[in-house]
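Just so it is clear: chains get the letters A, B, ... in the order the sequence lines come, proteins before strands, and each one is counted from 1.
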Protein chains: 2
Amino acid sequence: MALKNKSMYAILGILNLAPSTGYDIKKYSDKVLSGFWNENFGHIYPTLKMMLEDGMINILPGEINEKKVRYAITEKGRMEYEAWLLEETVQQPARSEFMLKLLFSSSLPREKVIFMLEDYKELHEKNVGKYLEMQKDLEQGNAIARDRVPFINAVLRRGILSGEAVIRWCDETIEEMRRA
Amino acid sequence: MALKNKSMYAILGILNLAPSTGYDIKKYSDKVLSGFWNENFGHIYPTLKMMLEDGMINILPGEINEKKVRYAITEKGRMEYEAWLLEETVQQPARSEFMLKLLFSSSLPREKVIFMLEDYKELHEKNVGKYLEMQKDLEQGNAIARDRVPFINAVLRRGILSGEAVIRWCDETIEEMRRA
DNA sequence: GGTTTCATGTAACATGTTACATGATTCT
DNA sequence: AGAATCATGTAACATGTTACATGAAACC
């Protein structure tokens, strides 16, 4: 078998919920996974092609629109996917340009640093707001399998708690910058 | 000028503190920047070469060991670096394989999910421990410019607060998984 | 009739990782 | 003497992003 990139698993996970087109996968990724995952077309389409060749997925026949290609996970794909779920996850190194900059900002005027932090805080406030919205939507229970709810909620809670921690850190650091 | 990758700025930031070899840069990156940044040799050496050609850095002459090449930031490099510090930071999309897996884990046995979360919690406990250690070292004030201390401290505080938030989230989610 | 969304895909570019090769120096 | 660390670098591979091209269908 060819390469096993992480995008493949994201795609298998999405197709395991429902057969989808490449476009659907992108939409799901942008809407639901954004915050901790991202995909782009330049990656999705070639990966789908490769997965099709490997027999992980197949094409569902006969849509209204001939241009539309809807893929479904195969038995082989599901096995690969479930093996991945059970694998140990090695954590990959993060890259935060913001933190890199901040570490090196001792020569900047303090006002500039404070401005950077306020901006960053605002961004995270917006994120937390989005997660809270999504949590409300989830409570209304829109056509989502009941057994998946605790998992979606866990992901949203993570976004909220982490975001709030960053906001508190921003406040604290802004204070510190004003004093120092 | 050629490309302006982010590694270049990390390297400029390090060289702005003190002239260093490629090896030193890697060490600094692993020790101080790890947690929010990473570099590897396969990237550092070619980038140094490119930066030398662009006149961002130069080679300090006459080391004891001829094999050792020590680079210093030039005036041009410093200007480029300071412009970067002032630039707005666009946040790049994160990719957390752990969160992706968790979202898709509704079919797994609950014990397996709890085990995953406990593992993840332990990892973050270790991280927080490391940051606390580094904070202690910082208080002892080992040859670090006084004006940089608040910035290093801010970075460490971020690591601690974020880590603690993740740990709390793990506890909460483990509880939730036991109940659901 | 015009704008937005749906839909697929490629090419060029940019970035990042791993394995390998080589050898000196320092520590135990 | 042997192991660990210092030190540089390349090649192959893997991954990821952006811009472009194309056009249908749905919405207003």
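When every heavy atom of B/I174 is checked against every heavy atom of B/L117, the shortest pair comes out as CG1-CB, 3.7 Å.
Taking a 4.0 Å limit (strictly below) on heavy-atom distances, residues 11-19 of chain A does not reach DNA chain C anywhere. DNA chain D lies under 4.0 Å from no heavy atom of any residue of residues 20-34 of chain A. Taking a 4.0 Å limit (strictly below) on heavy-atom distances, residues 36-48 of chain B reaches DNA chain C at B/N38, B/N40, B/G42, B/H43.
In terms of the salt bridge (Lys or Arg N to Asp or Glu O under 4.0 Å) criterion, residue partners of B/R179 (sequence neighbours excluded) are, by chain and number, B/E176. For A/R178, the salt bridge (Lys or Arg N to Asp or Glu O under 4.0 Å) partners are A/E175, not counting sequence neighbours. Taking B/E118 as the reference, nothing meets the salt bridge (Lys or Arg N to Asp or Glu O under 4.0 Å) condition, with sequence neighbours excluded. Residues meeting the side chain to side chain contact (heavy atoms under 4.5 Å, CB included) test with A/A18, sequence neighbours left out: none. Taking A/K26 as the reference, A/D30 meet the salt bridge (Lys or Arg N to Asp or Glu O under 4.0 Å) condition, with sequence neighbours excluded.
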Let me have the donor-acceptor pairs involving side chains of residues 40-53 of chain A, under 3.5 Å, with sequence neighbours excluded, atom names and distances please.
residue : atom : partner : partner atom : Å
A/N40   : OD1  : A/G42   : N            : 3.4
A/N40   : OD1  : A/H43   : N            : 3.2
A/T47   : OG1  : A/H43   : O            : 2.6

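Closest to the side chain of B/K49, from the set C/dG16, C/dT10, D/dT10, is D/dT10.
Regarding B/Y71, its OH atom lies at a distance of 7 Å from the P atom of D/dT8, rounded to whole Å. Put simply, CG on A/N5 is 7 Å from P on D/dG16, counting in whole angstrom units.
Checked by atom type and distance alone, the side chain of A/N153 never pairs as donor or acceptor with a backbone atom of A/P150 at under 3.5 Å.
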When Watson-Crick pairs (N1 to N3 and N6-O4 or O6-N4) and G-U wobble pairs (N1-O2 and O6-N3) count only below 3.5 Å on both distances, what is the dot-bracket string of DNA chain D, with | for other-strand pairs?
||||||||||||||||||||||||||||
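Here salt bridge (Lys or Arg N to Asp or Glu O under 4.0 Å) pairs that include residues 100-112 of chain B, with residues two or more places apart or in two chains, number zero. Applying the salt bridge (Lys or Arg N to Asp or Glu O under 4.0 Å) test to pairs two or more places apart or on separate chains, those with a residue in residues 158-173 of chain B are A/R157-B/E172, B/K121-B/D171.
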Start with the C-alpha distance between A/Y81 and A/Y9, add both sets of side-chain angles, then the distance that settles ring pair (Phe, Tyr, Trp, His ring centres under 6.0 Å), and finish with yes or no.
CA-CA 6 Å; A/Y81 168 68; A/Y9 296 112; 8.0 Å; no
